[in-house]
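What follows is one structure encoded as structure tokens, with my remarks underneath.
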Amino acid sequence: MPKGKREIKFTDFHKLPGNTPEKDNTLDSRELITAVEIPDNNFTKNVHYLKVRDRTSYAFALVSVAVALDIKNNTINDVRLAMGGVAHKPWRLTETEKFLKGKTVSEDLFKQAGHLSMKGGKGFGDNNFKITLGENAVAEALTIAASK
């Protein structure tokens, strides 16, 4: 490594296109990822990754959702929630996370979370269906994670 070791927070790793759409991360051209550190957490049981594809033969997700829940006595103490396939980079759903914290697990709650997750989202004609697909995917991923 020409410049030595450095650490990058995952939230700072991916870039939006801006003036350099060909560069989707913050690595320099001669840098290499040698480790990924995950801090201690309580996300060990109620986790799920849902990937919705056009056909099973295609690897790219139309929409994907990663969920990690810390549930005690049917109450959500903490949550991490992110989507893929809806932006240039993985999209953390921090508003939805705040909404879910402290609430009791329920199907209705997860439907509300799905709706909130796509609030302000807009399609570009051919992909307008992703708004509803995203809402349903978030609700489904939360439901599956909570049931583990």
Side-chain angles (χ1 to χ4, degrees), residues 1-18 20-21 23-54 56 58-123 127 129-148:
M1 290 178 284
K3 296 181 184 178
K5 180 181 175 179
R6 76 175 175 129
E7 294 183 10
I8 304 168
K9 288 183 180 182
F10 186 75
T11 53
D12 298 333
F13 179 73
H14 296 93
K15 293 173 62 172
L16 291 172
T20 55
K23 186 134 175 71
D24 62 0
N25 63 60
T26 57
L27 290 177
D28 290 333
S29 63
R30 297 185 348 187
E31 287 184 309
L32 175 68
I33 298 171
T34 59
V36 175
E37 295 179 17
I38 300 173
D40 288 338
N41 61 68
N42 291 322
F43 302 120
T44 57
K45 180 181 174 192
N46 300 102
V47 296
H48 189 69
Y49 175 71
L50 177 66
K51 184 176 185 179
V52 180
R53 297 177 285 183
D54 215 359
T56 57
Y58 296 124
F60 188 76
L62 291 171
V63 170
S64 64
V65 181
V67 178
L69 298 167
D70 175 17
I71 300 173
K72 296 219 176 30
N73 299 322
N74 215 32
T75 298
I76 300 169
N77 291 322
D78 204 1
V79 56
R80 296 294 183 276
L81 187 58
M83 295 185 79
V86 295
H88 184 71
K89 65 178 193 171
W91 204 259
R92 181 86 178 265
L93 302 172
T94 53
E95 272 189 61
T96 307
E97 291 173 354
K98 290 175 190 171
F99 168 76
L100 289 167
K101 283 183 187 180
K103 296 207 170 68
T104 302
V105 170
S106 74
E107 182 180 340
D108 186 54
L109 176 69
F110 294 157
K111 285 181 181 178
Q112 291 174 43
H115 182 69
L116 177 61
S117 296
M118 299 307 290
K119 184 179 177 182
K122 59 182 176 184
N127 71 349
F129 69 94
K130 280 192 172 189
I131 304 298
T132 302
L133 183 62
E135 288 181 12
N136 293 333
V138 168
E140 179 71 11
L142 284 164
T143 300
I144 293 169
S147 69
K148 291 183 175 183

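Numbers here simply count residues along the sequence, with the first being 1. When reading the values below, keep in mind they use all heavy atoms of this one structure, side chains included, and skip hydrogens, waters and symmetry mates. The structure displayed is predicted, hence computed values, not measured ones.
- More than 12 heavy atoms of other residues, nucleotides or ligands shown are found within 6.0 angstrom of NZ on K72.
- Atom NZ of K51 has more than 12 heavy atoms from other residues, nucleotides or ligands within 6.0 Å.
- Taking CG of L69 as the reference point, atom NE2 of H48 lies at 11.5 Å (rounded to 0.5 Å).
- Ring geometry, F10 versus H14: the interplanar angle exceeds 60°, so the pair is classed perpendicular (tilted spans 30 to 60°).
- Annotation: H115, atom NE2; neighbour count of heavy atoms from other residues, nucleotides and ligands within 6.0 Å does not exceed 12.
- By the 4.5 Å heavy-atom criterion applied to side chains, K15 and D24 are not counted as neighbours.
- Side-chain N or O atoms of N46 include none that pairs as donor or acceptor with a backbone N or O of D70 at under 3.5 Å.
- Under a 4.0 Å N-O distance rule, the pair K101/E97 does not qualify as a salt bridge.
- A salt bridge links R6 with E31: at least one charged nitrogen is closer than 4.0 Å to a carboxylate oxygen.
- When the shell of 6.0 Å around CD1 of I38 is examined, it contains 12 or fewer heavy atoms from other residues, nucleotides or ligands.
- Within a 6.0 Å radius of NZ in K148, other residues, nucleotides and ligands contribute more than 12 heavy atoms.
- The minimum heavy-atom distance linking F60 with G85 is given by the pair CZ-CA, 4.5 Å.
- Side chain of S147 to backbone of I144: a donor-acceptor contact under 3.5 angstrom is found.
- Taking a 6.0 Å sphere around NZ of K23, one finds it holds more than 12 heavy atoms contributed by other residues, nucleotides or ligands.
- Distance alone, capped at 3.5 Å, is enough to place a donor-acceptor pair between the N25 side chain and the L27 backbone.
- With rounding to the nearest 0.5 Å, the separation of CG in L142 from OG in S106 is 10.5 Å.
- Side-chain atoms of L62 and L133, non-hydrogen and from C-beta on, do get closer than 4.5 Å to each other.
- Inter-residue side-chain proximity for V138 and L93 is flagged as met; some heavy-atom pair is nearer than 4.5 Å.
- The neighbour count for N73 CG, taken as heavy atoms of other residues, nucleotides or ligands under 6.0 Å away, does not exceed 12.
- Between L109 and F99, the closest side-chain pair of non-hydrogen atoms falls below 4.5 Å.
- Residues V86 and V63 are in side-chain contact: their nearest non-hydrogen atoms beyond the backbone lie under 4.5 Å apart.
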